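First comes the structure, then the notes that go with it.
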Amino acid sequence: MKKIFLATLFLTAFFGLVSCSSDGDSNQNSTTFKVNNVDYTLPTSQGIIYSGMSNGYIIDDTSYEQISIVITGLKDVSEVATLSFDLYKLPGQPIAGDYQASINEEDDVTSNFEQLLSSHQRACFSYTSLMIVSTFSMEEILSGHAPTGTVKIISNGGNSYTIKYNGDFKKSDEDTIVPVEINITGTINLN
């Protein structure tokens, strides 16, 4: 089941990159992010996917919106890295802000998510946030979940946003970590 989910996530990100490209994209400046100290290129006109859902989480009659930010980048033509952050905020708040990860590093559970969300009105649900690096032949190279740290989203006006993250994902099925560094600017269509 896990491999089917990861394969679906990879294919969605890959086809999102390929199907949206056009001849005009070659003049765009690309930005990069790092997964495990390897650079992946994010075309500025593609690569950031936004999905929002109202009533994503309810605490004591307060409903929070769920936002999924999926970032996809390429290394040459052989590998793709996809990062997915599940973010929550109060309805009506702008997407821009700091989303602290909810993971309790001592026992790797999300016990403080509700407290974090209630006190800050926004948080990153680490346990469902994912990282995967794969080849185009669907060979998984690296995967992980449970990012630590803070996801920062900065509005640059219009649909232009900067996403910053410097932390670690827990490597799947192991107790090791994978460093991830993001400082990218691109378009996010908030629909």
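Note that the coordinates shown come from a computational prediction; the quantities given were computed from them, not determined experimentally.
At least one side-chain heavy atom of S126 sits under 4.5 Å from a side-chain heavy atom of P147. Contact annotation: the side chain of I153 approaches that of Y99 to within less than 4.5 Å [non-hydrogen atoms, C-beta and beyond]. A heavy-atom distance below 4.5 Å is not found between the side chains of V180 and D168. By the 4.5 Å heavy-atom criterion applied to side chains, M53 and E65 are not counted as neighbours. Considering only heavy atoms from C-beta on, Y64 comes within 4.5 Å of L117 through its side chain. In this structure the side chain of F113 reaches within 4.5 angstrom of the side chain of Y88, judged on heavy atoms. Between V133 and K75 there is no side-chain heavy-atom pair separated by less than 4.5 Å. A heavy-atom distance below 4.5 Å is not found between the side chains of T82 and I71.
The structure places NE2 of H120 at 8.5 Å from OG1 of T150, a figure rounded to the nearest 0.5 Å. The structure places OG of S84 at 11.0 Å from CD1 of I132, a figure rounded to the nearest 0.5 Å. The CD1 atom of I48 lies 13.5 Å from the OH atom of Y50; values are rounded to the nearest 0.5 Å. Taken to the nearest 0.5 Å, the NZ atom of K34 stands 11.0 Å off from the CG atom of N166. Between the OH atom of Y57 and the CD atom of Q66 there is a distance of 11.5 Å, given to the nearest 0.5 Å. The CD1 atom of I184 lies 12.0 Å from the NZ atom of K164; values are rounded to the nearest 0.5 Å.
A distance of 6.0 Å or more separates the ring centres of H145 and F169. Aromatic ring centres of F85 and Y165 lie closer together than 6.0 Å.
Counting only distance, with no hydrogens or angles, the side chain of E79 and the backbone of D76 share no donor-acceptor pair below 3.5 Å. In terms of modelled atom types and a separation under 3.5 Å, the side chain of S119 and the main chain of Q115 share a donor-acceptor contact. Under a 3.5 Å cut-off, the side chain of R122 and the backbone N or O of A96 do form a donor-acceptor pair. A distance-only check finds no donor-acceptor pair linking the side chain of T32 to the backbone of T41 [under 3.5 Å]. Between the side chain of S129 and the backbone N or O of F125 there is at least one donor-acceptor pair closer than 3.5 Å.
Of the candidates I95, L83, I49, I69 forms a side-chain contact (heavy atoms from CB on, under 4.5 Å) with just one, namely I95. Screening L87, D86, I67 against C124 for a side-chain contact (heavy atoms from CB on, under 4.5 Å) leaves a single residue, L87.
Listed here is the closest heavy atom pair of V35 and M131: CG1-SD, 3.8 Å. Between Q100 and L116 the shortest heavy-atom distance is O-CD2, 3.3 Å. The minimum heavy-atom distance linking P179 with N37 is given by the pair CG-ND2, 4.2 Å.
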Checking I58 against S63 for the side chain to side chain contact (heavy atoms under 4.5 Å, CB included) test, could you report, in this order, the C-alpha distance in whole Å, the side-chain angles of both residues, the deciding distance, and whether it holds?
CA-CA 4 Å; I58 299 174; S63 179; 4.2 Å; yes
Under the criterion side chain to side chain contact (heavy atoms under 4.5 Å, CB included), I'd like the reasoning laid out for I188 against I163: C-alpha separation, chi angles, the key distance, then a yes or no.
CA-CA 10 Å; I188 299 177; I163 300 173; 4.0 Å; yes
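Side-chain atoms of S68 and S51 form no donor-acceptor pair, as typed in the model, at a separation below 3.5 Å. Side-chain contact, T162 with T185: a donor N or O sits under 3.5 Å from an acceptor N or O.
By the rule that hydrophobic residues join a cluster once side-chain heavy atoms approach within less than 4.5 Å of another member, I141 and V38 end up as members of one cluster. Connection of Y40 to I177 is not established within any shared hydrophobic cluster, with ILVMFWY side chains joined at heavy-atom distances below 4.5 Å, either directly or through further cluster members.
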